[in-house]
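What follows is a short report on a single structure.
The structure displayed is predicted, hence computed values, not measured ones. All residue numbers in this chain count up from 1 along the given sequence.
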Amino acid sequence: MKTVIGIDFGTDSVRALVVDAATGYEIASHVHFYSRWAKGWYCDPSTNLWRQHPLDYIEDWSCYQRSLKLADPEITSSVVGD
């Protein structure tokens with residue numbers, strides 16, 4: 001089996017997805033909400049202002065590792081792309 005990992009940095013969270021490369025079957029996933037976003041920093045709905053802090057991307061990269069921990073150890077050794 002060959003697996004790939006996708007990472008999506010969205011407006012309020014980062015998501016990681018481990019997928020079987022041949023079938024598209026979802027093996028594991030993890031979502032983590034940005035801590036600054038949860039505190040209401042850098043966003044103001046009244047003025048339609050939505051921003052992220054660069055540290056959100058760096059600090060929340062752990063989502064990648066967390067998605068791998070949810071997958072079987074055999075599967076994590078089969079990652080061919082991320």
Side-chain angles (χ1 to χ4, degrees):
M1 175 188 292
K2 294 181 180 180
T3 57
V4 293
I5 302 173
I7 307 286
D8 175 39
F9 289 95
T11 302
D12 62 353
S13 64
V14 58
R15 293 161 289 286
L17 180 67
V18 182
V19 177
D20 181 317
T23 65
Y25 175 77
E26 180 180 326
I27 298 166
S29 65
H30 184 75
V31 177
H32 183 76
F33 291 91
Y34 304 135
S35 60
R36 289 166 188 80
W37 185 270
K39 295 175 184 174
W41 298 356
Y42 308 106
C43 56
D44 181 6
S46 68
T47 61
N48 201 27
L49 175 68
W50 309 100
R51 295 184 180 160
Q52 293 80 32
H53 192 281
L55 281 176
D56 289 332
Y57 300 125
I58 295 167
E59 293 170 355
D60 296 324
W61 185 251
S62 63
C63 190
Y64 180 93
Q65 288 88 10
R66 289 180 188 157
S67 67
L68 284 175
K69 284 184 179 181
L70 294 171
D72 186 299
E74 280 185 25
I75 291 171
T76 62
S77 65
S78 68
V79 175
V80 295
D82 50 5

Practice problem: For the residue pair Tyr42 and His53, categorise the inter-ring angle as parallel (less than 30°), tilted (30 to 60°) or perpendicular (more than 60°). | Solution: tilted
Quiz item: Are any side-chain N or O atoms of Tyr34 and backbone N or O atoms of Leu55, one a donor and one an acceptor, separated by less than 3.5 Å?
Solution: no
Quiz item: Do Leu49 and Trp37 belong together in a cluster built from hydrophobic side chains that touch within less than 4.5 Å?
Solution: no
Quiz item: Minimum heavy-atom separation for Ile7 to Ala16, with atom names?
Solution: CD1-CB, 3.7 Å
Exercise. Find the distance between CG (Asp72) and OG1 (Thr3) and round it off to the nearest 0.5 Å.
Key: 10.5 Å
Self-check item: Nearest-0.5 Å distance that lies between atom OG in Ser67 and atom CD in Glu26
Solution: 10.0 Å
Self-check item: Nearest non-hydrogen partners of Gly10 and Arg15, listed with the distance
Solution: CA-NH2, 3.4 Å
Exercise. Verify the cluster assignment for Leu70 and Tyr64: are they in a single hydrophobic cluster under the rule of side-chain heavy atoms below 4.5 Å apart?
Key: no
Quiz item: Which distance, rounded to the nearest 0.5 Å, do you find between the CZ of Phe33 and the SG of Cys63?
Solution: 10.5 Å
Self-check item: Same cluster (ILVMFWY, side-chain, under 4.5 Å), Ile5 and Tyr25
Solution: yes
Practice problem: Consider only side-chain heavy atoms of I, L, V, M, F, W and Y, link residues closer than 4.5 Å, and tell whether Val31 and Leu17 are in one cluster. | Solution: no
Quiz item: So how far is it from Ser35 OG to Trp41 CH2, rounded to the nearest 0.5 Å?
Solution: 7.5 Å
